[in-house]
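Below is one structure, written out as structure tokens, with a few remarks after it.
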Amino acid sequence: MYRMIKCLPGAIALLFIMAGCDSTLMEDEIPVFIVETGGGETFRIKINDPKIEQQADSLLSAGINKIVHGPIIAGDGGFNAPYSWHLNPGEITFPDLAIELCDGRPSFVENDLTYWLESVEVYCPWGAKLVGKEN
């Protein structure tokens with residue numbers, strides 16, 4: 001019995017690691033970045049990957065324009081109001097290139113949301129610039 005109790009803390013830790021709890025952020029720890037696009041429009045993204053967050057922090061501090069790319073999801077996600085869409089926080093990337101189809105202003109997405117959700121599926125404004133960070 002003593003041996004089983006002694007091993008329990010290690011087993012619990014192993015369960016947390018196997019469940020993927022070791023590198024993900026809690027909801028209230030996920031930073032929100034403000035992105036400016038052409039025409040001076042802005043929208044917000046959450047990033048729940050620490051490596052991508054570090055890349056975003058570098059882009060923000062350097063003032064570098066970079067494509068922001070991610071799958072579009074209906075609803076503001078609790079952070080992208082006044083828009084009725086947001087980008088999936090777990091799939092945000094900053095690629096060097098992206099197809100023109102997913103480029104545009106946030107208002108373009110908002111004004112034709114069904115098309116963007118069902119046909120385009122991702123948003124990637126060219127020349128986007130991270131201009132702020134919340135949280």
Side-chain angles (χ1 to χ4, degrees):
M1 178 78 165
Y2 173 74
R3 181 180 220 164
M4 192 166 98
I5 292 171
K6 186 176 177 184
C7 294
L8 190 57
I12 291 172
L14 182 60
L15 284 174
F16 279 111
I17 291 170
M18 289 174 55
C21 298
D22 57 323
S23 65
T24 56
L25 298 171
M26 299 299 290
E27 185 65 29
D28 61 345
E29 297 175 326
I30 300 173
V32 175
F33 288 87
I34 302 166
V35 182
E36 185 175 87
T37 66
E41 292 186 33
T42 61
F43 69 101
R44 287 172 167 69
I45 58 172
K46 269 191 173 186
I47 299 174
N48 68 2
D49 179 326
K51 290 179 185 175
I52 301 298
E53 179 189 357
Q54 185 177 31
Q55 184 180 8
D57 282 331
S58 295
L59 292 169
L60 177 62
S61 65
I64 296 172
N65 290 24
K66 187 80 173 192
I67 295 170
V68 175
H69 182 281
I72 301 173
I73 300 173
D76 71 8
F79 58 88
N80 196 33
Y83 300 111
S84 58
W85 57 271
H86 67 284
L87 299 184
N88 183 338
E91 296 185 52
I92 301 288
T93 60
F94 298 100
D96 291 325
L97 301 169
I99 61 171
E100 187 176 1
L101 178 66
C102 60
D103 181 26
R105 295 180 181 174
S107 60
F108 296 174
V109 177
E110 185 68 21
N111 293 333
D112 200 1
L113 187 57
T114 301
Y115 168 74
W116 283 86
L117 286 169
E118 295 176 4
S119 297
V120 182
E121 300 177 351
V122 296
Y123 181 50
C124 65
W126 294 3
K129 183 176 183 178
L130 298 174
V131 294
K133 183 177 181 180
E134 303 170 349
N135 287 15

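For clarity, every value in this text was computed on a predicted model and none was experimentally measured.
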Discussion item. According to a hydrophobic-cluster definition based on side-chain heavy atoms being under 4.5 Å apart (Ile, Leu, Val, Met, Phe, Trp, Tyr only), do Ile52 and Val35 belong together?
Written reply: yes

Worksheet entry | Interatomic distance, Glu53 atom CD to Asn48 atom CG [nearest 0.5 angstrom] | 10.0 Å

Worksheet item: Side-chain heavy atoms under 4.5 angstrom apart, residues restricted to Ile, Leu, Val, Met, Phe, Trp, Tyr: same cluster for Leu60 and Trp126?
Response: no

Worksheet item: Should Leu117 and Ile99 be regarded as members of a common hydrophobic cluster, given that ILVMFWY residues are connected when their side-chain heavy atoms come within less than 4.5 Å of each other, either directly or indirectly?
Response: yes

Worksheet, complete the sentence: The reported gap from CG in Asp49 to CD1 in Ile30 (rounded to nearest 0.5 angstrom) is 10.5 Å

Practice prompt. Indicate, with yes or no, if Phe43 and Val131 share a hydrophobic cluster defined by side-chain heavy-atom contacts under 4.5 Å among Ile, Leu, Val, Met, Phe, Trp and Tyr.
Written response: no

Discussion item. Could you check whether atom NZ of Lys129 has more than 12 heavy atoms from other residues, nucleotides or ligands sitting under 6.0 Å from it?
Written reply: no

Worksheet item: With under 30° as parallel and over 60° as perpendicular, where do the rings of Tyr123 and Trp116 fit, or are they tilted in between?
Response: perpendicular

Response to the item:
Only residue of Leu59, Val68, Leu130, Ile92 satisfying side chain to side chain contact (heavy atoms under 4.5 Å, CB included) with Phe33 is Leu130

Fill in: CD-NZ distance between Gln55 and Lys66, expressed to the nearest 0.5 angstrom
6.5 Å

Worksheet item: Got a second to check how far Asp76's CG is from Ser84's OG, nearest 0.5 Å?
Response: 8.5 Å

Practice prompt. Measure the spacing between CG of Asn80 and OG1 of Thr42 and express it to the nearest 0.5 Å.
Written response: 8.5 Å

Worksheet item: Taking all non-hydrogen atoms of both residues, which atom of His69 and which atom of Pro95 are closest, and how far apart?
Response: CB-CD, 3.7 Å

Worksheet item: Could you state the interatomic distance from CG (Asn65) to CD (Glu36), rounded to the nearest 0.5 Å?
Response: 8.5 Å

